Amino acid sequence: MPEPNPVDRWRADLEEAGKLTPAIVEQISRVHGDRGVRAIEAVAEGRVKVYRDFTIVVGYEDEYIVEDGGCTCKDSEYNLDPDDPTEHCWHVLAVWIARRVGHLDYHDMWYSEVREFL
């Protein structure tokens, strides 16, 4: 049986723990570097928002839609190797982390309607 990739490993560890432990933070930081650190900060700051239609991560300059492991940010579009299972933008990482630790900001409304006002 093949060894799971490091992303699957920290996701499974986080699922089991239900919270960010120092060891899991270290795993995420080691695998993802600055992207992992930014993701953890976004979760701690409550910047992962769930609407009826999308999950949004509030970034430094805009809000980004994260759906099915993909993101609307420029990092995802231009910088990541789609064949490398460890490369993900920090917005996607933040959603994965927030879901596993139950730290999501729920909004009972459509983001597509909210976005019109931004």
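Along the sequence shown, residues carry numbers from 1. What you see is a predicted model, and the numbers here were worked out from it, not measured in a lab.
- Using the six-membered ring where Trp is involved, Tyr64 and His91 have ring planes that are tilted, between 30° and 60° apart.
- The two residues Val66 and Cys71 make their nearest non-hydrogen contact at CG2-SG, 4.0 Å.
- Across all non-hydrogen atoms, the minimal contact from Lys49 to Asp105 is NZ-OD2, 2.8 Å.
- Residues passing the ring-ring contact (aromatic ring centres under 6.0 Å, His included) test with His32, sequence neighbours excluded: Trp10.
- Each of Tyr106, Tyr111, Trp110 was compared with Tyr51 under the ring-ring contact (aromatic ring centres under 6.0 Å, His included) criterion, and only Tyr111 meets it.
- By the side-chain contact (heavy atoms from CB on, under 4.5 Å) test, Arg11 pairs with Val7, Trp96, Arg100, sequence neighbours left out.
- For the pair Arg35/Asp75, a side-chain contact is recorded, criterion being any heavy-atom separation below 4.5 Å from C-beta on.
- Considering all non-hydrogen atoms of both residues, Ala39 and Ala94 come closest at CB-N, 3.5 Å.
- In this structure, CG on Leu93 lies 11.0 Å from CD on Glu87, to the nearest 0.5 angstrom.
- Taking NZ from Lys74 and OG1 from Thr72, the interatomic distance works out to 9.0 Å, rounded to the nearest 0.5 Å.
- Here the CD atom belonging to Glu26 is positioned 11.0 Å from the CD1 atom belonging to Ile24, to the nearest 0.5 angstrom.
- Taking both residues in full, the closest heavy atoms of Leu20 and Ile97 are given as CD1-CG2, 4.0 Å, listed atom of the first, atom of the second, then distance.
- Nearest heavy atoms, Leu80 versus Ser76: CD1-CA, 3.7 Å.
- Considering every non-hydrogen atom in both Asp53 and Glu67, the closest pair reads O-OE2, 4.4 Å.
- With Val57 as the fixed residue, the side chain to side chain contact (heavy atoms under 4.5 Å, CB included) test singles out one of Val95, Val92, Ile65: Val95.
- If you chain together hydrophobic residues whose side chains sit under 4.5 Å apart, Met109 and Val50 never meet in one group.
- For the pair Arg38 and Asp34, the salt-bridge criterion is met [side-chain N within less than 4.0 Å of a carboxylate O].
- Tyr78 meets the ring-ring contact (aromatic ring centres under 6.0 Å, His included) test with no other residue; sequence neighbours excluded.
- Atom NE2 of His103 and atom NZ of Lys19 lie 14.5 Å apart (nearest 0.5 Å).
- Summarising the geometry, atom CZ belonging to Arg99 is positioned 4.0 Å from atom OG1 belonging to Thr55; distances are rounded to the nearest 0.5 Å.
- Residues Val58 and Val37 are members of separate hydrophobic clusters, defined by side-chain heavy-atom contacts under 4.5 angstrom among Ile, Leu, Val, Met, Phe, Trp and Tyr.
- Note: Asp81 CG to Asp83 CG = 5.0 Å, rounded to the nearest 0.5 Å.
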